[in-house]
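Contents: one structure, followed by commentary.
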Amino acid sequence: MTETATTDHVHFIDGQWQPSQDGAFVPAVSPANRKELGRVAQGDRVDARTAVAAARRGHEALAKMSRWDLARACNRVADEIEKRRDILATTLAQEQGKPLMGEAYGEVDAAALGYREAGELFKWMAGEVIPVETPGKRAISYRAPRGVYGVITPWNFPVNIPVEYLAPCLAAGNAVVWVPAPSTSLCAARLMECIVEADLPAGAVNLVHGPGPVVGDEVVGHAGVDGIGFTGSPATGAAIAARGAGKPMLLELGGNGPVIVLDDADPVRAAEAAAAGSFFNAGQVCAATGRVLCARGVQEPFAEALLAAAQKVKIGDPMDPDTTMGPLNNPAVADKVEAHVADGLERGGVLLAGGHRMPDLGSDLFFAPTVIGDVPPGADLNAAETFGPVAPIVVLDSDDELIAAANAARHGLAASVFTRDLARAFRFGEAIQAGLVNINSPSSYWELHLPFGGAPGKDSGIGRLGGKHTLQAVTEIKTITFDIS
Ligand code: NDP
């Protein structure tokens with residue numbers, strides 16, 4: 001199978017690279033200098049429907065493959081990702097904006113590992129022989145693929161987040177129609193080139209570029225799609241949940257991760273973790289440190305250490321090996337970060353560092369690493385997801401106040417607690433309404449096999465990603481009974 005051309009990237013449907021049925025293209029633009037990086041096919045509902053029909057045939061072919069065959073296919077994709085490590089990482093840095101050396105290569109390596117782990121884990125996921133009451137009967141159960149998955153993925157980790165769905169779907173024998181975020185379409189095309197090299201049955205994985213509200217919406221609502229995987233905002237997650245009502249869904253909808261610094265914590269260690277959580281990928285991480293909830297008494301040494309960490313951030317061209325933070329990915333997220341900072345300052349927050357764009361660096365999507373002290377609890381910086389390089393500090397008086405503030409947010413994805421006291425660590429770990437609580441590590445610490453998702457009753461999504469949990473989500477238990485009398 002052939003690769004896409006250098007500058008024009010098209011859909012991959014039914015085992016073929018192909019343009020949109022109406023021939024439309026849109027430019028792909030670098031966030032660092034606003035230069036055009038290439039052109040991407042702009043799909044519509046017809047392209048989406050063609051892909052779903054192909055995926056139905058693709059699933060029939062995948063269903064005939066053994067788990068060993070599927071695991072070998074996963075390994076072939078991983079091999080190809082490793083071979084194309086440079087082009088994948090370069091595209092990530094150029095189109096998404098993350099630093100090449102510090103972050104992009106790491107994301108590519110995680111994607112290769114994700115394929116290997118998914119294939120291996122599903123191979124060994126055994127079913128059950130279930131005891132039954134009736135003499136002469138026997139019963140077994142095992143996990144079977146659901147059929148065709150619609151996978152809609154965002155722009156913040158445009159290689160690895162897709163793999164969190166695509167790899168388990170392939171390992172378990174589900175075909176996929178994948179609709180990636182338009183602002184990182186080239187990254188999707190590069191990943192698809194690796195999948196193509198694994199020589200899967202036609203229709204097993206289909207990539208359709210285009211606007212989410214058009215192509216994504218068609219896929220989610222299509223009767224030929226049996227399950228949905230989506231990572232993005234709560235608003236879009238709610239729209240998808242309504243459109244695809246009744247279908248099994250994995251929804252990962254973002255967070256507003258508090259780092260909670262107790263009065264017995266090492267403030268320097270906590271500040272370094274908060275800086276890592278707030279500035280990695282310019283804060284565009286669902287498990288980012290969206291806010292710091294700091295016990296009164298420790299806020300001064302903590303803020304001092306956080307400022308020192310912020311000053312070490314080297315913001316600039318993502319392709320420069322010395323850069324540790326690039327631009328924000330798109331104008332909408334930059335506008336939101338700016339609005340949240342303005343709101344926090346208007347309500348009495350104290351600007352300690354940054355707080356502004358840095359257009360001299362090449363585009364107005366560069367936003368300075370920002371630290372804001374004395375943020376009032378009601379400010380957007382505390383109450384909503386900022387998704388930018390901002391560490392807002394809220395100071396509170398007691399453990400109960402810290403827990404209440406952590407739980408007051410609508411999000412509940414990832415949190416972190418810094419303390420030297422094991423009993424307090426347990427108390428906070430159990431009381432905080434988040435799917436993941438990291439004690440003495442950044443809110444963003446996670447490994448591919450750990451269960452990850454939103455707490456019940458929050459706006460952070462439903463279901464669990466990670467290792468066997470995604471495999472369980474994209475499969476259904478099949479039971480077969482036998483009469484041997
Ligand atoms: P969205 O949730 O709007 O977009 C995520 C993806 O969903 C995009 O590919 C988008 O396409 C697509 N989409 C949009 N509407 C629909 C629909 N009706 N049906 C199917 N797919 C759809 O997030 P944004 O990119 O607008 O970012 C907004 C905010 O969301 C961020 O600032 C951040 O707070 C949060 N976010 C959280 C992420 C996370 O990791 N949890 C990831 C990304 C964003 P299109 O771009 O064409 O609309």
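For the numbers below, each heavy atom of this structure counts, side chains included, while hydrogens, waters and symmetry mates do not. Model, not experiment: these values are computed from the prediction. Just follow the structure's listing: the first ligand is 1, and inside any ligand the first atom is 1.
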Inspect the surroundings of NZ in Lys314 and state if more than 12 heavy atoms from other residues, nucleotides or ligands are less than 6.0 Å away.
yes
Looking at Gly212, Gly290, Gly221, the heavy atom closest to atom 12 (C) of ligand 1 belongs to Gly212
Nearest protein heavy-atom contact for atom 43 (C) of ligand 1: which residue, which atom, what distance?
Pro154 CB, 3.5 Å
Using the rule side chain to side chain contact (heavy atoms under 4.5 Å, CB included), only one of Ile372, Ile260, Asn382 pairs with Arg291; which is it?
Asn382
Counting non-hydrogen protein atoms only, what is the nearest one to atom 9 (O) of ligand 1? Give residue, atom name and distance.
Ala181 CA, 3.2 Å
Measuring from atom 39 (C) of ligand 1, which candidate in Gly244, Pro211, Cys286, Ala332 has the nearest non-hydrogen atom?
Cys286
With a 4.0 Å cut-off, strictly under, does atom 26 (O) of ligand 1 pick up any protein heavy atom?
no
The closest protein heavy-atom partner of atom 32 (O) of ligand 1 is Lys336 NZ, 3.1 Å
Could you check which of Phe387, Phe230, Trp155 puts a non-hydrogen atom nearest to atom 5 (C) of ligand 1?
Phe230
Mind checking whether Phe230 and Trp178 have ring centres under 6.0 Å apart?
no
Considering only the protein, which heavy-atom contact is closest to atom 18 (N) of ligand 1, and what is its distance?
Pro213 CA, 3.9 Å
Quick one: which of Gly150, Ser233, Pro182 has a heavy atom closest to atom 46 (O) of ligand 1?
Pro182
Check ion pair Arg357-Asp335 (N to O, under 4.0 angstrom):
yes
Please determine if Arg190 and Glu193 form a salt bridge, counting it only when a charged side-chain N lies under 4.0 Å from a carboxylate O.
yes
So which of Thr236, Val179, Asn156 gets nearest to atom 4 (O) of ligand 1, if we judge by its closest heavy atom?
Thr236
Would you find more than 12 non-hydrogen atoms of other residues, nucleotides or ligands less than 6.0 Å from Lys336 atom NZ?
yes
